[in-house]
Amino acid sequence: MKKELEAMEVPNALILPDQNGLGGVVDDQGEFVWKSAFRHDDLTLWGGKYAVLDDEIEEIPEAVIYIGQMQKHWGNFLFDCMARIWYVLKEKKEYRLAYCGVRLEENALSDPSTGYCDFIKLLGINPERLIDVRKPTKFQKVIIPELSLFPGTFYTDEFITVYDRAIETVNKSVHINYYEKIYLTRRQMDACKELGEKEIEQIFRQNGFQIIAPEKLPIAEQIFLFNHCQTMASVEGTTSHNILFAKPGTEQIILRKQNYINTRQTFFNRVRNVSPHYVDVFYEPFRGFPLSHDAGPFWIGVTASMKKWMDEQGYQLSGKEKINVIKAKMQNAIIYTLKCPYYKYWLKY
């Protein structure tokens, strides 16, 4: 989508912090400014007004740029939450940047121990400029940049420039070995919800892929590896979204962990002009599971679909690995059967 993005200025504006999905900017007449919501047409993913008392309001006599809601979910942070950053990269005056944390530790974007802070710095933004609005705060002026994207609906050239800026910074400063073919594993994640990736990972390793656990590397090194590979393979999800940092036309292999179309993924593939190879690796023997596209549990493995794809690619699997695949499927069937009621009735998200 091509359009000239704009920013509106709201004098004497109040920023409401997140409260159960509500929050954003209110003007001096008490009207909610819908341009501050994460919204397109009639669909609102975040934002809205709620009542506050006068004695709850803090006042800061300065102008700020409002950069919207920031979430703890890494995929959402990198993509949805960067929708207003284009203006910060363009604006020469170094206004402070106000945001509303959503299920995010206070001041996480300014905390040098977090990947959030690292990414902000790659954009050339000093984290000291950030204001995490945790109580209703009135500012002398709030500048609201227009959204540069809305998931599954539109994106602009300004959206892409954010990631290009990070890539440019990384390629000037990072000098490490890179690999032609990489497989991004999810097995080392603290909140891994996928059962059965071990055998899949081993197959890619045996066929020339370097196995990488992105969360174990600094953000800059992750981006460098993504940008320098020729083939990127992963289970669908946040890891596959990293195609945004790859060169246009990079080969991508996406292993589908569920019978669900991830609209964000198709969106990001268009941005980088990538036509991915989709391979179904999921088992869904029980109705109602996984509980949602994010909650899990997910059971994946070397399915008939994957075996067919491997034959087409000429991928080899040793006799020992074939036995391991059969054993793993039997073991994982039992574990998955036990996990489903645990996820549904006892696990709190």
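This is a predicted model, so every value here is computed, not measured.
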Minimum-distance pair of heavy atoms, taken over all atoms of [X] and [Y]:
X: C340; Y: P297; result: SG-CG, 4.1 Å
X: E62; Y: R96; result: OE2-NH2, 2.7 Å
X: E284; Y: P290; result: OE2-CD, 3.6 Å
X: D132; Y: G101; result: OD1-N, 3.7 Å
X: T303; Y: D280; result: OG1-O, 2.6 Å
X: Y163; Y: M82; result: OH-CB, 3.6 Å

Check whether any side-chain heavy atom of K216 sits under 4.5 Å from a side-chain heavy atom of Q188, and report yes or no. yes
Hey, does V274 have a side-chain heavy atom less than 4.5 Å from the side chain of F268? no
Please check if [X] and [Y] belong to a single hydrophobic cluster, counting links between Ile, Leu, Val, Met, Phe, Trp and Tyr side chain heavy atoms closer than 4.5 Å.
X: I57; Y: V133; result: no
X: I212; Y: M189; result: no
X: V52; Y: V102; result: no
X: F245; Y: I176; result: yes
X: L97; Y: L16; result: no

Enter the distance from [X]:[atom1] to [Y]:[atom2] here, rounded to the nearest 0.5 Å.
X: E321; Y: Q316; atom1: CD; atom2: CD; answer: 12.5 Å
X: I120; Y: L109; atom1: CD1; atom2: CG; answer: 5.0 Å
X: Y179; Y: K181; atom1: OH; atom2: NZ; answer: 14.5 Å
X: R84; Y: E158; atom1: CZ; atom2: CD; answer: 13.5 Å
X: I254; Y: I243; atom1: CD1; atom2: CD1; answer: 7.5 Å
X: R186; Y: T238; atom1: CZ; atom2: OG1; answer: 6.0 Å

For [X], give me all partners under side-chain contact (heavy atoms from CB on, under 4.5 Å), at least two apart in sequence or on another chain.
X: A83; result: F38, L147, S148, L149
X: Q19; result: Y50
X: D118; result: K121, I219
X: E9; result: K141, I143

Hey, is the main chain of K308 close enough, under 3.5 Å, to the side chain of D311 for a donor-acceptor pair?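 Checked: no pair found.
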State whether the side chain of E91 and the backbone N or O of K93 hold a donor-acceptor pair below 3.5 Å, judged by distance alone. yes
If we count only N and O atoms by modelled type, under 3.5 Å, do the side chains of [X] and [Y] hold a donor and an acceptor together?
X: D294; Y: S292; answer: no
X: Q252; Y: N269; answer: yes
X: D157; Y: W86; answer: no

If the condition is salt bridge (Lys or Arg N to Asp or Glu O under 4.0 Å), which residues does K329 pass it with, not counting sequence neighbours?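 Testing K329 for salt bridge (Lys or Arg N to Asp or Glu O under 4.0 Å), a comparison that skips the adjacent residues, returns none.
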Under 3.5 Å, sequence neighbours excluded: what are the donor-acceptor pairs made by side chains of residues 166-174?
residue	atom	partner	partner atom	Å
E168	OE2	K172	NZ	3.4
T169	OG1	L122	O	2.9
T169	OG1	R165	O	3.1
N171	ND2	N227	OD1	3.1
S173	OG	T169	O	3.0
S173	OG	V170	O	3.4

Are D164 and R272 ion-paired here, with the side-chain N under 4.0 Å from a carboxylate O? yes
Tell me every residue that passes ring pair (Phe, Tyr, Trp, His ring centres under 6.0 Å) with W299, counting only those two or more places apart in sequence or in another chain.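 Counting only residues at least two positions away or on another chain, W299 forms a ring pair (Phe, Tyr, Trp, His ring centres under 6.0 Å) with Y283, Y336.
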My understanding is that only residues two or more places apart in sequence, or in another chain, count here; which of them pass ring pair (Phe, Tyr, Trp, His ring centres under 6.0 Å) with Y95?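 With neighbours one apart ignored, the set is empty.
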Criterion salt bridge (charged side-chain N to carboxylate O under 4.0 Å, His left out) on E197 and R187, from CA distance to verdict: CA-CA 7 Å; E197 189 181 11; R187 286 204 306 127; 5.3 Å; no
For F298, does the six-membered ring have the charged nitrogen or CZ of K257 within the cation-pi criterion, i.e. under 6.0 angstrom from the centroid and within 45° of the normal?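 Geometry flag: set, cation within 6.0 Å and 45°.
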Under the salt bridge (charged side-chain N to carboxylate O under 4.0 Å, His left out) rule, what pairs show up with a residue in residues 203-213, not counting sequence neighbours?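 Qualifying pairs, neighbours excluded: E201-R205.
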Count the heavy atoms of every other residue, nucleotide or ligand shown that sit under 6.0 Å from CG of D55, and state whether that count exceeds 12. yes
Heavy atoms from other residues, nucleotides or ligands near CD of E128 exceed 12 (cutoff 6.0 Å): no
Stepwise, does the side-chain contact (heavy atoms from CB on, under 4.5 Å) test hold for N12 with F139? CA-CA 6 Å; N12 301 314; F139 294 91; over 6 Å; no
Apply the test side-chain contact (heavy atoms from CB on, under 4.5 Å) to residues D18 and R134: give CA-CA distance (whole Å), side-chain angles for both, the deciding distance (0.1 Å), then the verdict. CA-CA 8 Å; D18 174 68; R134 292 288 166 155; over 6 Å; no
If you group Ile, Leu, Val, Met, Phe, Trp and Tyr whenever their side-chain heavy atoms sit less than 4.5 Å apart, what else falls in with F209? Y183, I200, I203, F204, I211, V235, I253, L255, V279, V281, I300, V302, M306, W309, M310, Y315, L317, V325
Using distance only, find each side-chain donor-acceptor pair of residues 63-81 under 3.5 Å and give its atom names and separation, not counting sequence neighbours.
residue	atom	partner	partner atom	Å
Y66	OH	S36	O	3.1
Q69	OE1	Q71	NE2	3.0
Q71	OE1	N76	ND2	2.9
K72	NZ	E105	OE2	2.7
H73	ND1	G75	N	3.2
H73	ND1	N76	N	3.2
D80	OD1	R264	NE	3.4
D80	OD2	R264	NE	3.4
D80	OD2	R264	NH2	2.4

Measuring centre to centre across the rings, with the benzene-like ring taken for any Trp, is Y155 within less than 6.0 Å of F267? yes
Donor-acceptor contacts, no H, no angles, side chain residues 22-35, under 3.5 Å, sequence neighbours left out:
residue	atom	partner	partner atom	Å
D27	OD1	Q29	N	2.9
D27	OD1	G30	N	3.1
D27	OD1	E31	N	2.9

For the pair Q265 and H241, evaluate side-chain hydrogen bond (donor to acceptor under 3.5 Å, both in side chains) and give the outcome as yes or no after the intermediate values. CA-CA 6 Å; Q265 186 63 50; H241 293 349; 2.8 Å; yes
Dump the intermediate steps for side-chain contact (heavy atoms from CB on, under 4.5 Å) on C100 and W46, then the final yes or no. CA-CA 11 Å; C100 303; W46 182 87; 3.9 Å; yes
Could you walk me through whether F159 and V271 pass side-chain contact (heavy atoms from CB on, under 4.5 Å), step by step? CA-CA 9 Å; F159 168 67; V271 170; 4.0 Å; yes
